[in-house]
K.L.:
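Handing you a structure now.
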Amino acid sequence: MAKLNKNQQKAATTTEGKVLILAGAGSGKTRVLVHRIAHLIQGKKISPTAILGLTFTNKAAEEMRERVAHMVSKEEASAVTLSTFHSFCMRILRKEIHRLGFTQKFTLYDEKDMRRLIMQVAEELYEGEEELALEPIITSISYLKGKGMTPSEKEPFVKEVYEGLRTAMRAYNALDFDSLLTLTVELFETFPEVLEKYQDRFRYIMIDEYQDTNPIQYRLASLLSEKHGNLCVVGDDDQSIYAWRGAEVEHILNFPADVTVKLEQNYRSTSHILKAANAVIRNNVHRHDKVLEANAGEGETLEIFNAPTEQDEVEAVIKRMLQLKEEKNYRWKEMAILYRSNNIARSFELSLMQTVWRKGEQWVRGIPYQVFGGLGFFERAEVKDLMAYLRITSNPKDQEALLRIVNYPRRGISDKTLDTITQFNRQKRLPLMAVMEKIAADAYPELELTSRGTQGIKNFMILYQGMTEKFQSASLSEALKWLVEKIDYKNAIFNEVKSDKGREFKWENVQACISALQTYEKEEDPTLHDFLSSSMLNKKTIDKKDRFGEDKLNLMTFHSAKGLEFPAVFLVGLEDQLIPHAKSQTKEGIEEERRLLYVAITRAMETLCLSMARKRTQHGKLVSCNPSRFLFEIPKEILKVTSWK
DNA sequence: TAAATCCGCCTTTTT
DNA sequence: GGCGGATTTA
């Protein structure tokens with residue numbers, strides 16, 4: 001392994017106090033963090049259990065863990081706490097949440113669960129009122145949570161919905177992603193003795209991608225590091241692209257550092273690529289001033305072209321990729337197509353599937369590719385259904401899960417019946433499951449349910465009884481297998497989906513759920529609750545399709561490309577209205593869009609091709625477009641303008 | 001009760 | 001152009 005440069009060395013060995021590491025794109029940020037951890041353990045003889053590294057993605061945490069394991073012993077590496085903010089909070093809350101009025105078996109709600117719940121709460125509060133604008137309420141609640149604030153008197157609607165939501169979440173024994181963080185902060189602020197326990201455990205704290213922290217994460221980190229004062233944050237204000245989700249660049253711009261180290265040596269890209277990136281980002285006013293220096297040779301000039309239509313652009317890009325593959329011997333996985341928003345991907349997918357190309361001696365149809373993002377495994381309807389069954393087994397108060405599957409597969413419990421009993425259970429402040437149990441025992445005749453509905457509820461309660469018993473007596477995967485049979489889920493899919501392909505796909509996902517549980521059971525001390533929460537916090541793991549190491553072309557948004565690098569990168573759809581996006585036209589918005597393009601450009605190591613189209617269909621309409629205004633900020637001498645053909 | 005059709009919307013999205 | 005939610009229809 002090459003030696004660290006002077007500044008990297010300094011960043012890795014300055015361990016005490018508040019340290020700010022400003023790490024430009026490709027400047028070896030992860031390497032520095034890894035060396036820093038190794039230095040703490042080996043040089044400073046700090047116990048690995050005292051070290052905490054917080055990241056934003058599981059991918060980043062995994063990568064760091066892997067690389068740390070190469071530098072210190074396996075035992076030491078696994079004793080370091082390296083996790084996402086959310087997993088870290090999950091671990092603390094699992095131990096301490098009883099202090100806050102929840103039980104250990106709480107459920108984690110995703111955004112869709114939350115939307116439905118907010119909708120219900122709001123509708124109940126403002127029954128009959130027309131024109132209830134929900135969207136702004138949802139937005140402002142999640143905004144406030146990220147900022148660590150509660151609604152003020154100025155917005156009575158939001159305040160009421162917010163409180164109703166809190167009550168419901170407590171009744172359902174459920175948390176959402178945001179409240180993992182807010183509740184942990186609440187825990188630390190109300191129980192100083194608990195805070196002190198964790199302060200004394202984690203004496204050296206590091207935060208990766210600090211430019212993306214929101215106020216609540218910032219507060220968590222300050223609380224934890226308050227006593228011992230060793231907090232090291234790493235980030236790049238130029239790569240802050242999540243302000244729209246509550247992240248505040250101010251945190252990194254105003255960090256009260258005892259020591260600041262700047263890493264400005266780029267080891268990733270050729271100088272032409274860097275020149276373009278620097279030229280673009282220079283136009284932002286709100287930033288730490290710095291210029292990345294190249295160390296990887298000059299490389300070729302960047303290619304840029306403007307195609308007549310989006311289809312022409314697609315074909316031109318594919319043609320160039322095939323050429324590059326021949327000339328430079330790139331593999332598919334060394335190339336990436338990056339775009340501002342997901343809808344651009346579709347036309348590429350269609351063409352990639354049809355392209356005929358020469359693979360060694362033979363001609364084949366279809367270029368192998370993988371699209372990042374999109375619907376994750378755990379967001380697919382059939383998987384969510386099964387998870388809902390598991391959720392009510394683990395936490396019977398989980399009303400969202402119960403409502404999802406109480407009549408799926410169909411049991412004759414109509415929406416009207418459900419409406420009646422949910423109103424009743426809220427009024428009486430009883431868990432829905434308890435109400436249904438009573439109904440099955442013919443209590444509550446005053447509800448005047450249809451006989452069909454009552455029968456449906458009876459059937460469901462018998463099933464629920466059976467489930468509970470099965471999950472206690474059999475292994476998790478066997479119990480799930482039993483359940484799928486019992487509810488005849490295969491038949492439900494068959495009736496729902498028309499195409500054979502769709503049916504097959506869904507059934508495969510059901511099987512994948514079962515095998516996911518089988519895999520999970522091999523871990524030590526497997527519990528249903530733990531399976532559910534870890535699959536919520538790390539959603540992708542299971543998908544059979546991304547067997548790693550396969551040679552596939554990468555398609556992803558600028559956002560999800562952050563932290564990655566590729567020898568050849570194609571930035572497509574570089575048109576005004578797309579980047580900067582039509583909906584980010586404020587001054588701050590434009591600066592964030594510029595940072596986004598900066599992130600995209602700096603993903604490239606050797607080859608970078610920029611492209612756009614003059615006409616493109618948007619929302620089903622053909623519109624003409626202009627090149628992105630940011631492109632004019634790149635000096636002409638490093639661009640090679642080509643005809644699209 | 002459940003299928004069929006219609007309407008209106010539309011960024012980015014680690015957890 | 002395509003998806004989800006709402007409303008209409010059998």
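A quick note: this is a predicted structure, and the numbers were derived from the prediction, not measured. So you know, we letter chains A, B, ... as the sequences are listed, proteins then strands, and number each from 1.
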K.L.:
Does Arg410(A) have a side-chain nitrogen or oxygen under 4.0 Å from the phosphate oxygens OP1 or OP2 of dA3(B)?
P.N.:
yes
K.L.:
Heavy-atom distance under 4.5 Å between the side chains of Arg67(A) and Leu33(A), does that happen here?
P.N.:
no
K.L.:
In whole Å, I'd like the distance from the CG atom of Asn407(A) to the P atom of dA2(B).
P.N.:
6 Å
K.L.:
Students often get this wrong, so: under 4.0 angstrom with heavy atoms, is Arg452(A) touching a base, only sugar-phosphate, or nothing?
P.N.:
sugar-phosphate
K.L.:
Taking only residues two or more places apart in sequence, or in another chain, which ones meet Thr557(A) in a side chain to side chain donor-acceptor pair (under 3.5 Å)?
P.N.:
Ser560(A)
K.L.:
Between atom CG in Asn343(A) and atom C1' in dT13(B), what is the gap in whole Å?
P.N.:
15 Å
K.L.:
Without decimals, in angstroms, what is the distance between Gln618(A) CD and dC9(B) C1'?
P.N.:
14 Å
K.L.:
Listing request: all salt bridge (Lys or Arg N to Asp or Glu O under 4.0 Å) pairs with a residue in residues 619-629 of chain A, at least two apart in sequence or in separate chains.
P.N.:
Asp576(A)-Arg629(A)
K.L.:
Touch check for Gly412(A), heavy atoms < 4.0 angstrom, all strands: base, sugar-phosphate only, or nothing?
P.N.:
sugar-phosphate
K.L.:
Using the side-chain heavy atoms of Arg346(A), tell me which of these nucleotides is nearest: dT15(B), dG2(C), dT11(B).
P.N.:
dG2(C)
K.L.:
Of the nucleotides dT15(B), dT13(B), dT12(B), which has the atom closest to the Ser341(A) side chain?
P.N.:
dT12(B)
K.L.:
Report the residues that fulfil side chain to side chain donor-acceptor pair (under 3.5 Å) with Asp530(A), sequence neighbours left out, ordered by chain and then residue number.
P.N.:
Arg94(A), Tyr520(A)
K.L.:
Does dT15(B) have its OP1 or OP2 closer than 4.0 Å to a side-chain nitrogen or oxygen of Thr57(A)?
P.N.:
no
K.L.:
In whole Å, what is the span from the CG atom of Asp110(A) to the P atom of dT13(B)?
P.N.:
16 Å
K.L.:
In whole angstrom, what separates Arg340(A)'s CZ from dC10(B)'s C1'?
P.N.:
14 Å
K.L.:
Could you tell me whether the side-chain ring of Phe558(A) sits stacked on the base of dT12(B), using a centroid cut-off under 5.5 Å and a plane angle under 30°?
P.N.:
no
K.L.:
Specify the separation, in whole Å, of atom CD1 of Ile344(A) and atom P of dG2(C).
P.N.:
15 Å
K.L.:
Got a sec, which residues hit side chain to side chain donor-acceptor pair (under 3.5 Å) with Ser341(A), two or more places apart in sequence or on another chain?
P.N.:
Asn343(A)
K.L.:
What parts of residues 574-595 of chain A reach DNA chain B, counting only heavy atoms under 4.0 Å away?
P.N.:
His581(A), Lys583(A), Ser584(A), Glu593(A)
K.L.:
Please give, in whole Å, the distance from dT13(B) C1' to Asn58(A) CG?
P.N.:
14 Å
K.L.:
Going by a 90° cut-off around 0, is dT11(B) syn or anti?
P.N.:
syn
K.L.:
Are more than 12 heavy atoms from other residues, nucleotides or ligands located less than 6.0 Å from atom NZ of Lys384(A)?
P.N.:
yes
K.L.:
Rounded to whole angstroms, how far apart are NE2 on His86(A) and C1' on dT13(B)?
P.N.:
11 Å
K.L.:
Run the side chain to side chain donor-acceptor pair (under 3.5 Å) test against Ser347(A) and tell me which residues pass, sequence neighbours left out.
P.N.:
none
